[in-house]
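Written below as structure tokens is the structure these notes are about.
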Amino acid sequence: MNSELPKNYEPASVEENISRTWLAEKAFAANPAASGEPYCIVIPPPNVTGALHLGHALNNTLQDILIRYHRMRGFNVLWVPGIDHAGIATQAVVEKQLKEKENKTRHDVGREALVQRIWQWKEQYGNRILEQLKRLGCSCDWERTRFTLDEQCAAAVRETFFKLFGDGLVYRGKRLVNWDIFLQTSVSDDEIYHETVKTHLWHIAYPIDGSDKKMVVATTRPETMLGDTAVAVHSSDARWNWAIGQKVRLPLVDRLIPIIADDILVDPKFGSGVVKVTPAHDPNDYAVWQRHLGQPDAIDIINILHPDGTLNDNAGIYQGMRRDKARRQIVEDLRQRDLLIKEEPYETQVGHSDRSKTPIEPYLSDQWFIKMAPLAEPALEVVRRGLVRFHPQRHAQQYLAWLGEKRDWPISRQLWWGHRIPIWTREFELTEPLNSLTESAEPISPPATAALRKALGPDAETVLKGGEEHILRVEAIADRPDWMRATVCVRREVAAMQQVLEKCGFEQDADVLDTWFSSALWPHSTLGWPRATAELAKWNPTSVLVTARDIITLWVARMVMMNLYNMGQGRWTSDGQREAQAKIASDPEAAARFVPFHDVAINPTILDGKGERMSKSKGNGVDPVEIIDTHGADALRFTLAQMATETQDVRLPVKKLADGRNTSEKFEMGRNFCNKLWNAARFAMTALAEASPATVSRNDLSLPDRWILSRLGQTIAAADLAIKTFRFDQYAKAVYDFVWGDFCDWYVETLKPVLKGDARPDAGAAVLAAVLDASLRLLHPVMPFITERLWWQLNEVCPQRGVAQVLDCPTSARLIHASWPTAPAVDQEAETLFERLMQVITAIRNLRNQHNVEAKKAITIRMEDAQFSAQDLMTHQAIIELLANCLVLNAQTPPPGTSAQVQAGGCLLTAYGLSDPDAERQRLAKRREELVKQIAALEARLANPNYSQKAPPQLVQQTRSQLSQAQAELGGIQ
RNA sequence: GGGCGGUUAGUUCAGUUGGCUAGAACGCUGGUAUCACACACCAGAGGUCACAGGUUCAAGUCCUGUACCGCCCACCA
């Protein structure tokens, strides 16, 4: 039967077989109606754009450990898998393909066709990611797989947006956005990287109007001067403050612009003390425009760019030029007019779009925003109060700091791939002016209503009705007093309503929502919200979120915010904010029901051997599937778990294989461990097949039995604590040390003669079976495949297992559904005694090695009392003789030859029959040196009067006894 | 500029509330084809705990500062 188990563990066939069985039996399926405390994790959805890398492998391994552990603990577990549509990243990939293969832009194929193509692309690559997760052994409920752009998620997005709109938390505003002129979209701050660019700092003269004086400004972007609407100086700068209120004549365009004071923008110590102000093309200058808005010194804002980065009709003769050409031309023209004062080489950081790798252009554009203040405050509060806890705790700081800024969230993206903003607008010319048309609040004033009725005709009542399914708002349009804008937000995807709106001349907003908008809803949208599902009732809040630290702000914070907003009762408008806070303060338990998860476990980032992030472009990435192919999924998982410490980063030295692929020696550790377990189990099951395991109870146990069961108990307790505190490395280390160190190296070795002897082979076999059983349970969360395979085998060989009153092993056909082992009680007496035996054995082995004793030759040992009784150990002399290859002397005469003495396990050991007196002399000299050093250190410590006075008496006592022991040993060998 | 983390054996990392001679894995050295495993077994060598101060009877651990490395945030016209 063990012919079925090859000598070396071969992961490929085992993994495939086990995986197929689990899937066929729907072993991961969750049922909200089932009993058991709920335990739920929603996967951080990987971006559909990329294959999974080692970071994902780590992240998902940790989640699977938690899921499998809690499943075994009897929780009703659900792990929701899914994928993120990843807006801009995905569209960029498909657009690039379109360009390369067909030389077309997205405008050539049109919105619908492009979105169609992206869906095709998604089908192909999304499945690849799910396959990777399955190869890794993730026990997700695959039938609940979600995609952030699927219908269920879309319903949640629409509902949320509608709710936010109704609460006045969504608004439209002109804002400077990071504009990608290649993809023609705005890009969020986090999709930008900065690159050092060698350029120039151009110093340009701006003549003061009606004076022969000139102001000199310096800029790295001279073309933006076309959009300058002011120059600013510091109000206390004596060089220039006399000129405040006067005007300069902007060169080349010949426009008069004011000289204003702005003490925030201008640092009088820097450069000339004069700053050009281009509100439409620079974030700082935009802030100046905002600061002066409505003030006597309010300034203009002039946009000079087309969306494609060419200059528009505000740029005069430079209209139509690309920005870089315009820059060269402008510098040249200034030079000719003698207005270029200086051109100095300069290095500066320029923001580039992560996706298109082109420089970002700050650009004025219509965008939708979410008001953060009312949403952020409750989200801050639940973390402050510990209703959501970070592990390690320090990561909460980043969350609190970012959310504390409460900067409004720009949510529109000029893309085609994503959730389209559910807003329709139309602008109306008014026949008579409307005085009351100043704000966008409901209800709509009677004059505006009348105007709408008139303009919309027969469908006016449908649009005007508003309420449950759509909201209508009207507002004035700046600079056009005889116009108004009507905005309709539609709650559900209903064709009829959309047709009515379009018939009435409304147009849907062309933009889609930021990807993070749908991601923010992930924990409740995956469970069915806004429908009141059994899943939602059972599993929200979810239990824990496992993620990387770089998305604590972008994702974690927003999930907390949106979960509280959607799941919490009542509406959290700006006015209701205080109420929400008070609610959390007065009833934290209620608030705890609305958070998305209770714990956030942050896993470390995997870097390569040089400390650099892994990435495709750097070519240092390791593909988890390749590791699974070469080392096995369990080996990969174990190694990764063992690396998941509390530090921020872990390094994984990468080695290039001959075929160019990357790998790392680190994974050999996991592979070796699998092989060790495999062979220990193989040995055990061969023995079990030959013996017939008896029913045993506490009284039948030998010292090694008692010891290994006690060690097992300690290990289970350590594993429980480690998992509870998200210390996956400690869990891995505990089980590794137990299986390899305690079980294989010691217990199995002591058991070999027992199993072959006459005395108690059946009792020994029973303990062996029970400990193997518990070990497989213990290892299953981290190494699911190999343990499941061995479990099946063990069920065949030895279906009934356990040690009465010590270790129950309830039967189960599948390990994945077996129960977590209960820890046997600690047996301190057995542990202490066995520990001494191990020390004696190691000391004798050491002596044999130092004396170059041939492996097969037994030496003779006499054991005498030192600190402790030798008799206690000699009761178990068979174990010593077996494992140290020696003969323990009782009353016989010792054999001739060199003898050597050593202290171990509290006994004095004398070894006889050694043949190398030189080796012994060397050994003694070395030992003497060690002892002298130790004695000196101990004496010095005791000589310090403060030590005996202030240190705990127990410690002082211990030091004294160490000293006397060392002195005694030294006396013995001199 | 602000914040966070790191610096412990050749390498990658552990190191609980300060307290026995600072641990593990890999690598290295010597030995071993022993009937679970050479992806193994046995034994060993290897550390001024980045640096400088301080607190303490006692510091890898706590405090202050310095250096270097990494990440996040905000940025210099």
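Labels below follow one simple rule: chain letters A, B, ... track the order of the sequence lines, proteins then strands, and each chain is numbered from 1.
Under a 4.0 Å N-O distance rule, the pair A/K733/A/D737 qualifies as a salt bridge.
Taking 4.5 Å as the limit, some side-chain heavy atom of A/T605 sits within range of a side-chain heavy atom of A/R549. Put simply, the side chain of A/V331 does not reach to within 4.5 Å of the side chain of A/L334, judged on heavy atoms. Two residues are said to be in side-chain contact when any heavy atoms from C-beta on lie closer than 4.5 Å; A/W516 and A/W409 meet this criterion. Counting heavy atoms from C-beta outward, A/T750 and A/I708 have side chains that stay 4.5 Å or more apart. Using a 4.5 Å cut-off on side-chain heavy atoms (C-beta onward), A/L201 and A/T219 make no contact.
Considering only the side chain of A/T645, B/rA14 comes nearest among B/rA14, B/rC57, B/rU12. In this structure, the nucleotide among B/rC69, B/rU32, B/rG19 sitting nearest to the side chain of A/R651 is B/rC69. Out of B/rG44, B/rG15, B/rC37, the shortest distance to the side chain of A/Q730 is found at B/rG15. Among the nucleotides B/rC57, B/rA40, B/rU12, the one closest to the side chain of A/Y947 is B/rC57. Nearest to the side-chain atoms of A/N946 among the listed nucleotides B/rC57, B/rG15, B/rA36 stands B/rC57. Side-chain atoms of A/D745 lie closest to B/rC41 of the nucleotides B/rA36, B/rC41, B/rG19. Each of B/rG15, B/rG5, B/rA36 was ranked by its minimum atom distance to the side chain of A/V748; first place goes to B/rA36.
Note: CD1 (A/I360) to P (B/rC75) measures 14 Å, nearest angstrom. Atom CG of A/D608 is separated from atom C1' of B/rC69 by 13 Å (rounded to the nearest Å). Atom pair A/N846:CG and B/rG31:C1' shows a separation of 13 Å (rounding to whole Å applied). For the pair A/E10 CD and B/rC39 P, the interatomic distance rounds to 14 Å; values are reported in whole Å. The separation between A/Q397 atom CD and B/rG2 atom C1' is 13 Å, rounded to whole Å. Taking atom CD1 of A/I551 as the reference point, atom P of B/rC71 lies 17 Å away to the nearest angstrom. One atom, CZ of A/R549, and another, P of B/rG5, lie 11 Å apart when rounded to the nearest Å. Whole-Å rounding puts the A/Q398 CD to B/rA74 P distance at 11 Å.
Under 4.0 angstrom from either OP1 or OP2 of B/rG5 there lies no side-chain N or O belonging to A/T647. Phosphate proximity of B/rC39 to A/K7: absent, as no side-chain N or O sits under 4.0 Å from OP1 or OP2. For B/rC76, the OP1/OP2 oxygens have a side-chain nitrogen or oxygen of A/N284 closer than 4.0 Å. Between A/R845 and the phosphate of B/rA43, there is a side-chain N or O to OP1/OP2 separation shorter than 4.0 Å. In terms of phosphate contacts, A/K752 brings a side-chain nitrogen or oxygen within less than 4.0 Å of OP1 or OP2 of B/rA36.
Here the separation of B/rG15 from B/rG60, taken at their C1' atoms, is 8 Å to the nearest Å. A gap of 34 Å separates the C1' atoms of B/rC20 and B/rA67, to the nearest Å. To the nearest whole angstrom, the two P atoms, one in B/rA14 and one in B/rC62, are 15 Å apart. Of the C1' atoms belonging to B/rC73 and B/rG27, the separation is 40 Å, rounded to the nearest Å. Here the separation of B/rG46 from B/rA36, taken at their P atoms, is 35 Å to the nearest Å. Distance noted for atom C1' between B/rG18 and B/rC71: 30 Å (whole Å). B/rC69 and B/rG31: their P atoms are spaced 44 Å apart (whole Å). With both ends at atom P, the span from B/rU12 to B/rG70 equals 14 Å, rounded to whole Å.
Residue contacts for A/R671: at a heavy-atom cut-off of 4.0 Å it reaches a base atom on one of the strands shown. If you check every strand for non-hydrogen atoms under 4.0 Å, A/Q965 touches nothing. Base engagement by A/A680 is indicated by at least one non-hydrogen atom pair under 4.0 Å involving a base atom. If you check every strand for non-hydrogen atoms under 4.0 Å, A/C674 touches nothing. Using a 4.0 Å heavy-atom criterion, one finds that A/P952 contacts the bases of the nucleic acid, with or without backbone contacts as well. Heavy atoms of A/T842 sit under 4.0 angstrom from primed sugar atoms or phosphate atoms, though from no base atom. Among the protein residues, A/V277 comes within range of no part of the nucleic acid, since none of its heavy atoms lies under 4.0 Å from any strand.
A/N849 contributes a side-chain N or O that forms a donor-acceptor pair with the base of B/rG30 under 3.5 Å.
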With salt bridge (charged side-chain N to carboxylate O under 4.0 Å, His left out) as the criterion, how do A/R927 and A/E930 come out once you've worked through the C-alpha distance, each side chain's angles and the decisive distance to 0.1 Å? CA-CA 5 Å; A/R927 182 65 187 148; A/E930 281 170 8; 2.8 Å; yes

Could you check A/E344 against A/H203 for side-chain hydrogen bond (donor to acceptor under 3.5 Å, both in side chains), going step by step and ending with a plain yes or no?
CA-CA 8 Å; A/E344 56 178 323; A/H203 298 252; 2.8 Å; yes

- Task: Could you give me the CA-CA distance, side-chain angles and deciding distance for A/E939 and A/L963, then say whether side chain to side chain contact (heavy atoms under 4.5 Å, CB included) is met?
- Result: CA-CA 7 Å; A/E939 276 174 342; A/L963 179 61; 3.8 Å; yes

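Each of A/T553 and A/Q958 has a nearest nucleotide on RNA chain B; the 5'-most of these lies closest to A/Q958. The residue among A/D550 and A/K276 whose nearest nucleotide of RNA chain B lies closer to the 5′ end is A/D550.
With a 6.0 Å cutoff to the six-membered ring centre and a 45° limit on the axis angle, A/K752 counts as a cation-pi contact of A/F683. A cation-pi contact, defined as under 6.0 Å to the ring centre and within 45° of the axis, links A/R845 to A/W746.
Taking the six-membered ring for Trp, A/F390 and A/H395 have ring centres at least 6.0 Å apart.
Stem regions annotated for RNA chain B: B:1-7 with B:67-73, B:10-13 with B:23-26, B:28-32 with B:40-44, B:50-54 with B:62-66, counting only runs of 3 or more consecutive pairs of Watson-Crick or G-U type with both contacts under 3.5 Å.
With sequence neighbours left out, A/K276 forms a side chain to side chain donor-acceptor pair (under 3.5 Å) with A/T224, A/D228, A/T278.
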Identify all pairs in which a protein N or O lies below 3.5 Å from an N or O of nucleotides 21-27 of chain B, and state each distance.
from, atom 1, to, atom 2, distance (Å)
B/rU21, OP2, A/R941, NH2, 3.3

